[in-house]
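Scroll down for the structure; my scribbles are underneath it.
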Amino acid sequence: MSSGTRKGWAPVRFPTGDVAVQRLHEWLHTSEGGLDAVGLDLSGADLSHGDFSESWFTDANLRNVNLAGAELNRSDAQGADLSGADLTAASLVRVNLDDATLRHATLDRANLVKASLYGVDASGASCRGTQFMGSSLLEVDFRSADLRDSVFDQNSFKVILDQITQLEGASGSVLGPAVLMEEGVSRELSGPELQEWIRERGGIIRVVAGGR
């Protein structure tokens with residue numbers, strides 16, 4: 001079978017699983033429509049700069065996948081495991097990432113405008129310069145995450161933070177409350193207290209009224 005290309009693009013490295021390889025080959029030979037990768041094991045593949053808009057990655061294994069510069073707008077990745085994945089400068093506008101795992105993933109300069117992140121484990125993730133404007137950040141675990149220079153715009157910000165979470169240069173506005181974990185003990189931060197905690201770490205985020 002020829003590998004095929006889609007709009008002149010082909011994976012730099014295919015996944016190792018036969019089913020995933022077959023599905024990718026079939027998709028590459030179509031002219032339109034998203035990739036159906038529901039539940040597939042795509043781990044270790046290099047899919048950088050591919051256009052996966054309106055694709056289905058629900059419950060897929062995307063561990064250590066290279067998706068740098070990829071287009072995933074309006075895709076569904078609910079429950080997907082993206083641990084260690086490289087999403088540098090990827091476009092994830094309106095992507096559903098509810099219940100996904102992003103542990104130690106790289107999302108530097110990624111566009112997550114109006115994405116849905118409910119119950120996401122993003123602990124240890126790198127989100128430097130990430131655009132979160134309008135995205136739903138509910139019960140997101142940002143412990144040990146790097147949020148330097150990230151941008152928000154009245155985002156729900158019911159997230160989990162710790163003393164290692166980096167916020168220098170983060171800007172915009174959020175609605176709390178957030179949860180701060182210190183030595184296994186949690187406490188809620190909201191309003192001026194949350195804003196001051198962020199500012200002490202070099203962030204310039206404004207906490208607006210309306211969060212509960």
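Quick caveat: nothing in here was measured; it's all calculated off a predicted structure.
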Is there a donor-acceptor pair closer than 3.5 Å between any side-chain N or O of W9 and the backbone N or O of S48? yes

Cluster question for you: counting only ILVMFWY and a side-chain heavy-atom cut-off of under 4.5 Å, with indirect links fine, are I205 and V151 together? no

Please collect all ring pair (Phe, Tyr, Trp, His ring centres under 6.0 Å) contacts where either partner lies in residues 152-183, sequence neighbours excluded, each pair once. F132-F152, F152-F157

Look only at the side chain of S55 and the backbone of G34, and say whether a donor-acceptor pair between them is shorter than 3.5 Å. no

May I ask you to decide if V38's main-chain N or O and D36's side chain share a donor-acceptor pair within less than 3.5 Å? yes

Ignoring hydrogens and angles, tell me if any N or O in the side chain of D51 forms a donor-acceptor pair with the backbone of S53 under 3.5 Å. yes

Taking atom OG of S150 and atom CZ of R109, what is their separation to the nearest 0.5 Å? 13.5 Å

Please answer whether the main-chain N or O of G124 pairs with a side-chain N or O of R103 as donor and acceptor at a distance below 3.5 Å. no

Answer whether the closest heavy-atom distance between the side chains of D153 and S173 falls below 4.5 Å. yes

Please tell me whether T101 and D121 have a donor and an acceptor in their side chains that are separated by less than 3.5 angstrom. no

With no hydrogens and no angle check, do the side chains of S91 and N73 hold a donor and an acceptor under 3.5 Å apart? yes

Close side-chain approach of I164 to R143, heavy-atom, < 4.5 Å: no

For S75 and E54, indicate whether the former's side chain and the latter's backbone hold a donor-acceptor pair under 3.5 Å. yes

Apart from Y118 itself, which Ile, Leu, Val, Met, Phe, Trp or Tyr residues share its cluster (side-chain heavy atoms under 4.5 Å, direct or through members)? L138

If only side-chain N and O atoms count, and only distance matters, is there a donor-acceptor pair under 3.5 Å linking T106 with D86? no

Is it true that atom CD of Q163 has more than 12 heavy atoms of other residues, nucleotides or ligands lying nearer than 6.0 Å? yes

Check the pair D108 / S126 against side chain to side chain donor-acceptor pair (under 3.5 Å), numbers first and verdict last. CA-CA 6 Å; D108 297 347; S126 181; 2.6 Å; yes

To the nearest 0.5 angstrom, please state how far the CD atom of Q195 sits from the CD atom of E193. 12.0 Å

Residue pair D76 / Q78, side-chain donor-acceptor N/O under 3.5 Å: no

Check ion pair E182-R187 (N to O, under 4.0 angstrom): yes

Is the positively charged end of R199 above the ring of W197, judged by distance under 6.0 angstrom from the centroid and angle within 45° of the axis? no

